[in-house]
Amino acid sequence: MNLLSNLSSALQIIGHNKVRSFLTMLGIIIGVMAVVVIMSVGAGAQSLILNQVKSLGSNLVGILPGKSDDKGPPASVFGIVVTTLRDEDRAELVNGQFKHIVAASSYVRGIVTATKDSNKTDTNFLGTSAEYPEVEDVTISEGRYFSADEQKDVARVAILGSSVVQSLFPDTDPIGKNIRIKKTNFEIIGVMKPRGQSGFQNQDNQIFVPLSTAQKLLLGIDYVNFMRVKIDSAENVDGTIEDIKSVLRVRHNISNPENDDFSVRSSNQGLAVLTQITNVLRFFLAAIAAISLLVGGLGIMNIMLAAVEERTKEIGLRKAVGATNRQIVMQFLVETVMITFLGGLIGIVVGSVISILVAYIATSYGYNWDLVITPFSIILGCVVSISIGLIFGISPAVRASRLNPIEALRYE
Amino acid sequence: MPLIKIVDLKKDYASEGVVTPVLRGLNFEIQRGEFVAIMGPSGSGKSTLMHILGFLDTLTTGQYFFDGQDVSTLDEDRLAEMRGKNVGFVFQAFNLLPRASSLENVILPLLYVKLSSAERIETGKKYLDSVGLSHRLNNTPGQLSGGEKQRVAIARALINEPEVIFADEPTGNLDSKSGLQVMKLLQGLNDHGHTIILVTHERYTADHAKRVLQIRDGVIVSDKKVDNRQIASENGELKK
């Protein structure tokens with residue numbers, strides 16, 4: 001019996017045992033599909049988190065109040081208010097003594113209710129320096145951002161995010177109009193270009209006001225929440241971080257770096273930490289995938305074992321009409337390989353389609369989600385389920401082929 | 001040269017340390033073209049003898065010459081080849097693949113010889129036609145009557161053009177009319193030169209053969225020509 005007739009006879013047998021073949025295949029399909037989807041979702045979620053950090057740019061440096069070592073986050077991340085950072089610190093950085101610093105912005109933030117006539121919206125506000133658009137590479141679609149003088153003079157001007165415009169000015173052009181925030185009138189001087197979702201935060205539901213205005217009129221504070229510094233190129237980041245640290249130590253009268261009341265981080269450092277964290281997530285997901293593979297494998301095993309009795313008689317018959325042991329094992333091998341291969345293939349296709357769908361849906365909701373289908377997941381899924389199929393499909397056949405034909409024929 | 005020559009054949013079954021002798025020293029010869037019935041009550045060893053003669057089982061001691069060749073020295077693969085080439089089996093329980101069509105069942109032995117699949121199908125159709133089932137090509141065994149199943153099994157036994165047809169209680173699961181049709185087929189095959197070895201416990205069925213070997217408790221108790229041979233007619237009626 002040559003390979004071709006093996007194949008066609010295997011196809012016939014698969015066709016004759018539709019339910020069993022399908023159930024066996026289903027185990028493999030689910031196993032492979034689960035691995036592909038879970039690994040892809042894990043990688044996609046990781047990309048979502050990392051892309052958010054990367055979108056800030058690799059030549060951005062963040063300054064947070066409060067000390068931290070290199071591994072853990074600074075206290076401010078946990079909601080502890082540290083008031084050691086001031087806008088004067090920023091002024092020192094951009095006075096021209098550091099040639100690699102392109103621009104720097106201070107930030108304060110909070111939540112307010114903004115009203116325009118009868119329209120009302122709850123929104124985030126961000127108090128920034130005038131250099132904010134340069135630091136973060138954002139574009140004003142209408143009007144302009146505020147100037148350094150307006151910032152200094154506590155000007156009551158605001159730039160609206162695109163979704164705030166929709167809430168407050170559904171039909172009219174907002175430029176030149178006033179809105180009220182906390183009993184103060186702000187003149188709208190610009191509108192931001194829509195930026196979409198960044199991570200879990202809608203960047204378009206924000207109002208931008210001068211830092212001093214936000215500090216004095218909206219928050220009543222004199223410190224800043226954080227700063228971002230833009231460096232001219234990525235290779236100068238590390239050196240500039242040291243410059244920033246020494247300037248801040250001088251300004252804050254710190255002689256021992258152990259006593260720093262601030263932390264300076266490049267986005268690459270944050271990226272490394274986040275990659276570590278999300279790798280744990282992916283590992284966890286891979287463990288779940290392994291369990292689903294195991295479950296699929298057990299299903300295959302069950303079905304294969306249940307079929308042994310019937311197949312043993314068939315083997316006896318085939319031997320009685322002249323099949324050698326090798327031909328019997330070969331036939332089962334081809335048959336099982338075909339079922340498992342087909343199942344694996346369907347699993348890969350279905351798994352990939354689901355992964356693509358997940359990525360498509362996530363992207364259409366504005367998440368920065370990469371479609372990642374790793375060859376590793378495909379190989380893992382296929383190798384495990386196909387070997388389970390082979391082991392449990394063939395070992396009974398090998399055993400049965402060793403019986404003498406009459407024993408196999410009589411098998412009950 | 002006899003087609004089959006048995007010299008002092010013994011067969012024991014060992015189970016849990018207890019050795020049970022089944023065949024205790026048989027000697028006989030069967031020539032080409034004979035129609036031999038091996039007869040005996042159940043437990044006499046007649047089926048075991050047939051399995052050994054048909055290369056399905058191995059003997060414990062003694063010698064078995066098939067067409068002059070000592071079969072007891074052959075390895076597994078050679079035995080498989082002998083089964084495929086030289087013998088055809090008809091079983092009491094039909095032993096058809098339940099989900100395969102008549103045609104697929106008939107061509108099963110051809111899967112193990114070099115042939116194109118068109119040739120296999122062609123041959124299969126020819127043999128199904130020869131047992132009068134050309135209208136049942138695509139039916140599965142479940143859709144066939146008992147007599148039809150056994151005719152499919154006979155077509156399967158014939159398809160490799162074997163020297164000997166072994167029939168183990170071929171009428172045991174059939175009504176008398178279908179049984180007679182099967183006997184008619186076997187007699188016709190014998191008329192065309194096939195050697196037939198029939199195993200049965202029924203005197204009446206054995207009387208369709210030309211020679212009866214009686215076995216009891218693993219030994220041959222008589223070996224006679226059939227005097228009043230039964231001839232099965234086309235429609236299943238008796239004719240002497």
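Quick note on labels: first sequence line is chain A, next is B, and so on, each numbered from 1.
- Counting heavy atoms of neighbouring residues, nucleotides and ligands inside a 6.0 Å radius, atom CZ of A:R282 exceeds 12 of them.
- Within a 6.0 Å radius of CZ in A:R402, no more than 12 heavy atoms belonging to other residues, nucleotides or ligands are found.
- Atom CZ of A:F284 is surrounded by 12 or fewer heavy atoms from other residues, nucleotides or ligands within 6.0 Å.
- Using a 4.5 Å heavy-atom cutoff, the side chains of B:R83 and A:P405 are in contact.
- Other residues, nucleotides and ligands contribute at most 12 non-hydrogen atoms within 6.0 Å of the NE2 atom of B:H192.
- The local environment of CD in B:E122 is sparse, with at most 12 non-hydrogen atoms from other residues, nucleotides or ligands closer than 6.0 Å.
- Only the side chain of B:R156 comes within less than 4.5 Å of a heavy atom of chain A; its backbone N, CA, C and O stay farther away.
- Here the CD atom belonging to B:E76 is positioned 8.0 Å from the CG atom belonging to A:N404, to the nearest 0.5 angstrom.
- Annotation: residues 85-94 of chain B contacts chain A through B:F89, B:F91 [non-hydrogen atoms, separation under 4.5 Å].
- Of all the listed residues (B:E81, B:R78, B:H51), the one sharing the greatest number of non-hydrogen pairs under 4.5 Å with chain A is B:H51.
- B:A80 approaches A:A323 most closely through the heavy-atom pair CB-O, 3.5 Å.
- No more than 12 heavy atoms of other residues, nucleotides or ligands sit less than 6.0 Å from atom CZ of A:F341.
- From B:N95, atom CG reaches atom CZ of A:R410 across 11.0 Å, with rounding to the nearest 0.5 Å.
- A:Q327 contributes atom CD, which lies 9.5 Å from atom CG of B:L111 (distance to the nearest 0.5 angstrom).
- Around the CZ atom of A:F22, the shell of radius 6.0 Å holds no more than 12 heavy atoms that belong to other residues, nucleotides or ligands.
- A distance of 12.0 Å separates OG1 of B:T58 from CD1 of A:I406, quoted to the nearest 0.5 Å.
- Atom CG of B:D77 sits about 8.0 Å away from atom CZ of A:R326, to the nearest 0.5 Å.
- For the atom pair CG of B:L108 and CD of A:E314, the computed distance is 8.0 Å after rounding to the nearest 0.5 Å.
- Closest of all the heavy-atom pairs between A:G322 and B:Y112 is O-CB, 4.1 Å.
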